[in-house]
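Chain A is the first sequence line, chain B the second, and so forth, proteins listed ahead of strands; every chain is numbered from 1.
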Number of protein chains: 2
Amino acid sequence: MVTIKQMAEMLGVSTTTISNVIHGKTKEVSKETVKRVNELIEACEYVPNINARNLAQNKSKIIGLAIKPRQSKYKKTTKDIFINELTSDIEDYVRKNGYYMMLYISEDIYEIINSVSSWNVDGLILMGMSTDDCIMLKQKFKKPMVFIDSYFDNRVVDYVNVGLDDVGGCHDITKYLIENGHKKIAYIADNCEGCDKYRYLGFRNALIESKIMISDQNFILIQSERNKLGASLEDIFNASKHFTALVCASDYYAVLIMNYLMDKGVKIPEDISIVGFDDNIYAQIVRPHLSTVHQDISEKSKVAVEKLFKMIENESLSEKNTILPTTIVIRNSVKKIAGK
Amino acid sequence: MVTIKQMAEMLGVSTTTISNVIHGKTKEVSKETVKRVNELIEACEYVPNINARNLAQNKSKIIGLAIKPRQSKYKKTTKDIFINELTSDIEDYVRKNGYYMMLYISEDIYEIINSVSSWNVDGLILMGMSTDDCIMLKQKFKKPMVFIDSYFDNRVVDYVNVGLDDVGGCHDITKYLIENGHKKIAYIADNCEGCDKYRYLGFRNALIESKIMISDQNFILIQSERNKLGASLEDIFNASKHFTALVCASDYYAVLIMNYLMDKGVKIPEDISIVGFDDNIYAQIVRPHLSTVHQDISEKSKVAVEKLFKMIENESLSEKNTILPTTIVIRNSVKKIAGK
DNA sequence: TTGAAAGCGCTAACAC
DNA sequence: GTGTTAGCGCTTTCAA
């Protein structure tokens with residue numbers, strides 16, 4: 001591979017000159033020289049060494065995407081359709097901005113911090129971080145960061161995030177159930193933190209608003225670990241007899257449960273109604289077609305990347321914490337029942 | 001951020017010494033010094049500058065994953081579940097080997113070559129390359145490369161690839177259909193190149209073996225472009241009346257078609273049988289459960305990464321072109337019919 | 001309009 | 001055991 005220095009020698013000019021024309025600073029160079037240099041660059045198939053450039057400029061053209069996988073949420077992080085879609089969308093936007101993306105997946109926040117510092121990434125997009133992680137990061141990493149879908153407690157106030165109206169979305173879909181005559185409704189999730197917690201809150205609000213009694217019984221925990229899932233599904237099958245509708249924290253679980261119940265002979269929505277959250281491909285594939293809460297992942301990625309680049313360019317942000325809206329999409333998994 | 005040089009000054013030793021203990025070459029350093037250095041590293045929270053290291057060592061610790069998206073195959077490359085799964089699996093294996101992965105997606109092979117040269121990646125995994133691309137790559141990129149799922153014509157002989165028994169898989173599932181009394185069978189794909197071509201060949205072989213007439217009519221082209229898909233699906237619906245079974249080149253299409261037909265009132269498998277290829281999550285979600293050809297993506301990723309690292313370490317490969325096996329998985333989308 | 005030279009942080013050959 | 005030093009390829013300041 002040719003270097004600038006070699007080309008400089010060939011042409012009998014200085015490296016500065018070559019560098020200048022590479023960077024289009026041609027007003028400082030005579031037309032004649034520009035032409036000769038460009039021709040040589042072409043002929044030699046010169047490719048800049050990014051490492052050298054990064055070192056000299058103390059930057060990297062890398063955007064880090066750091067993900068702390070929720071332990072055992074679904075099986076593997078790599079199989080999580082939401083993360084995969086978000087990741088590839090972000091990569092897409094990053095690349096279109098002339099940067100490269102590097103993925104840092106680790107359960108250890110220190111490892112993440114070390115890696116991104118080592119690579120000297122120009123900015124960071126983060127998912128799955130806790131309040132403690134955020135504090136740590138702010139302390140050790142001094143470049144732009146934007147979080148995705150994060151809820152931090154009040155120990156940290158100043159951070160940039162792009163989230164979703166989890167409360168509203170789940171409220172709306174629950175309300176839709178209620179409007180269809182449902183009163184005995186359960187919420188199903190595999191934990192009660194972050195998004196899932198706020199979705200639960202939305203669910204809860206809707207019931208309370210309609211003066212429907214709510215207790216611990218209305219929250220069903222699904223256990224997604226490989227060896228527990230079967231039993232958990234069976235439990236849900238049994239519990240489901242006490243409800244006329246189920247609101248699931250994600251389409252993934254909605255579809256899993258739907259299929260489990262249907263395979264057991266339960267009719268949906270005749271015997272029980274189900275709704276999900278996300279409106280991903282699962283919701284579109286399953287039959288009956290799943291009614292669910294729609295979120296726009298591509299938009300989420302886009303906003304995150306845009307915010308990050310604004311910060312990198314020292315522009316001011318119109319808002320630190322963007323909450324993207326949700327819409328409910330009505331399909332065929334809910335039955336209208338006579339209020340009892 | 002602290003540098004080696006700074007630490008050397010603080011301790012009054014040379015950078016070599018620091019560098020040595022960082023790299024565990026402690027046999028050349030006195031215990032005393034090692035201890036002092038380690039303590040300082042700890043205290044300063046020293047993080048190596050990878051760019052500098054890469055520059056000095058002329059390597060990068062980066063494995064490039066280069067993908068040339070098949071124009072308009074599905075909507076966006078980023079939504080392709082197969083690519084996403086493969087990508088994240090590869091990333092996983094690469095990271096476990098202490099390397100980093102960088103993604104290079106472009107329809108322009110020159111752009112890809114430039115990028116990976118620029119970053120000085122230590123090895124390359126490639127998908128979606130044509131014979132011409134391969135020739136170009138071999139000419140311009142002198143480091144280890146392994147291709148995935150590639151079929152090249154005989155202009156190129158020496159290359160490392162990990163593929164799949166596309167012919168066998170499609171042959172077996174077609175045979176299964178035939179054994180169930182089906183004679184009027186169509187193959188559906190959105191193109192007739194690469195994998196899809198070889199899958200078609202397997203399909204064809206199975207029919208010929210059983211002395212079933214085959215003509216152009218047996219190949220149905222599905223048009224996946226957004227504005228054509230609807231019409232294409234309608235065409236397939238009409239064409240399907242002439243067949244008792246459909247073998248689809250992917251689960252994605254199998255499910256799409258299944259749902260389209262079912263939404264039109266067609267009963268599956270009673271009215272028509274369908275099988276797919278891949279055995280991905282779609283096949284598991286859809287009802288009736290899809291009978292299909294199973295492939296192990298995780299294994300494919302693993303083999304590709306292993307081959308690459310062997311090449312990087314100058315070990316010899318037991319085989320250049322690995323063809324992973326397929327198995328057929330029988331579920332409920334095929335009906336046994338009385339031969340006519 | 002052009003060039004010399006220092007320096008980015010790290011490695012490694014070699015000398016002490 | 002430890003230090004000196006010359007790069008790696010590129011950018012950039014400053015002088016000519």
Side-chain angles (χ1 to χ4, degrees), chain A residues 1-38 40-41 44-62 100 114-122 143, chain B residues 1-38 40-41 44-62 100 114-122 143:
Chain A
M1 291 199 37
V2 210
T3 68
I4 285 190
K5 197 174 166 194
Q6 288 170 348
M7 294 196 298
E9 277 169 14
M10 292 182 192
L11 247 44
V13 301
S14 75
T15 60
T16 313
T17 304
I18 308 272
S19 179
N20 275 334
V21 353
I22 286 172
H23 291 88
K25 298 181 189 166
T26 57
K27 46 188 116 174
E28 330 221 315
V29 186
S30 76
K31 279 214 172 139
E32 173 58 17
T33 318
V34 171
K35 185 156 167 279
R36 285 172 64 214
V37 172
N38 273 329
L40 187 62
I41 286 178
C44 298
E45 297 183 317
Y46 168 76
V47 176
N49 179 321
I50 296 207
N51 274 313
R53 181 177 289 176
N54 289 346
L55 183 60
Q57 297 189 142
N58 189 33
K59 60 178 190 51
S60 67
K61 283 277 173 183
I62 298 177
Y100 295 84
N114 273 350
S115 294
V116 298
S117 305
S118 230
W119 279 100
N120 199 13
V121 304
D122 292 338
K143 298 197 186 160
Chain B
M1 293 200 37
V2 211
T3 69
I4 285 191
K5 198 174 166 194
Q6 289 169 349
M7 294 197 299
E9 276 170 16
M10 291 182 192
L11 247 43
V13 301
S14 76
T15 59
T16 310
T17 304
I18 306 272
S19 180
N20 275 334
V21 353
I22 286 172
H23 291 88
K25 299 180 189 167
T26 57
K27 45 190 117 174
E28 330 222 313
V29 185
S30 77
K31 281 218 170 134
E32 171 58 16
T33 317
V34 172
K35 186 155 167 280
R36 284 172 64 217
V37 172
N38 274 327
L40 187 62
I41 286 178
C44 298
E45 297 183 317
Y46 167 77
V47 175
N49 180 322
I50 296 207
N51 274 313
R53 181 178 292 176
N54 290 346
L55 183 60
Q57 298 191 142
N58 188 34
K59 59 180 191 48
S60 67
K61 282 280 172 182
I62 297 178
Y100 295 83
N114 273 350
S115 295
V116 299
S117 306
S118 229
W119 280 100
N120 198 14
V121 304
D122 292 338
K143 298 197 186 160

Within this structure, what is the [atom1]-to-[atom2] distance between [X] and [N], rounded to whole angstrom?
| X | N | atom1 | atom2 | answer |
| --- | --- | --- | --- | --- |
| Glu32(B) | dT2(D) | CD | P | 9 Å |
| Lys35(A) | dT1(C) | NZ | P | 17 Å |
| Asn20(A) | dT13(D) | CG | P | 11 Å |
| Glu9(B) | dT4(D) | CD | P | 11 Å |
| Lys59(A) | dT11(D) | NZ | P | 9 Å |

Mind checking salt bridge (Lys or Arg N to Asp or Glu O under 4.0 Å) for Glu9(B) and listing every partner two or more places apart, or none if nothing turns up?
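Expected list: none.
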
Residues in salt bridge (Lys or Arg N to Asp or Glu O under 4.0 Å) with Lys35(B), at least two apart?
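Scan of Lys35(B) (salt bridge (Lys or Arg N to Asp or Glu O under 4.0 Å), adjacent residues dropped) gives Glu39(B).
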
Which residues share a side chain to side chain donor-acceptor pair (under 3.5 Å) with Gln57(B), sequence neighbours left out:
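Residues passing side chain to side chain donor-acceptor pair (under 3.5 Å) with Gln57(B): none at all.
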
What residues, two or more places apart in sequence or in another chain, satisfy side chain to side chain donor-acceptor pair (under 3.5 Å) together with Asn120(A)?
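So Asn120(A) forms a side chain to side chain donor-acceptor pair (under 3.5 Å) with Asn58(A), Lys143(A).
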
Beyond-backbone contact of Ile18(A) with Tyr46(A), side-chain heavy atoms, under 4.5 angstrom:
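A side-chain contact under 4.5 Å is absent here.
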
Heavy atoms only: give me the nearest Val121(A)-Ser60(A) pair and the separation to one decimal.
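Heavy-atom minimum between the residues: CA-OG, 3.3 Å.
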
Using every non-hydrogen atom in the two residues, find where Gln6(B) and Met1(B) come nearest and quote the distance to one decimal.
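For Gln6(B) versus Met1(B), the nearest heavy atoms are OE1-O, 3.9 Å.
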
Angle of first-five versus last-five pair axes in the helix from dT1(C)-dA16(D) to dC16(C)-dG1(D), to 10 degrees
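Axis-to-axis angle, ends of the helix: 40°.
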
Quick one: is Thr33(A) getting a side-chain N or O under 4.0 Å of the dT2(C) phosphate, OP1 or OP2?
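Looking at the OP1 and OP2 atoms of dT2(C), one of them is under 4.0 Å from a side-chain N or O of Thr33(A).
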
Below the 4.0 Å mark, does dG3(C) have OP1 or OP2 next to a side-chain nitrogen or oxygen of Thr17(A)?
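Looking at the OP1 and OP2 atoms of dG3(C), one of them is under 4.0 Å from a side-chain N or O of Thr17(A).
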
In B/S/- notation (B base, S sugar-phosphate only, - none; protein heavy atoms under 4.0 Å), nucleotides 9-15 of chain C written 5' to 3' is BBSBB--

Could you check whether any side-chain N or O of Arg36(A) sits under 3.5 Å from a backbone N or O of Leu11(A), counting only pairs where one atom can act as donor and the other as acceptor?
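Yes, because the side chain of Arg36(A) sits within donor-acceptor range (under 3.5 Å) of the backbone of Leu11(A).
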
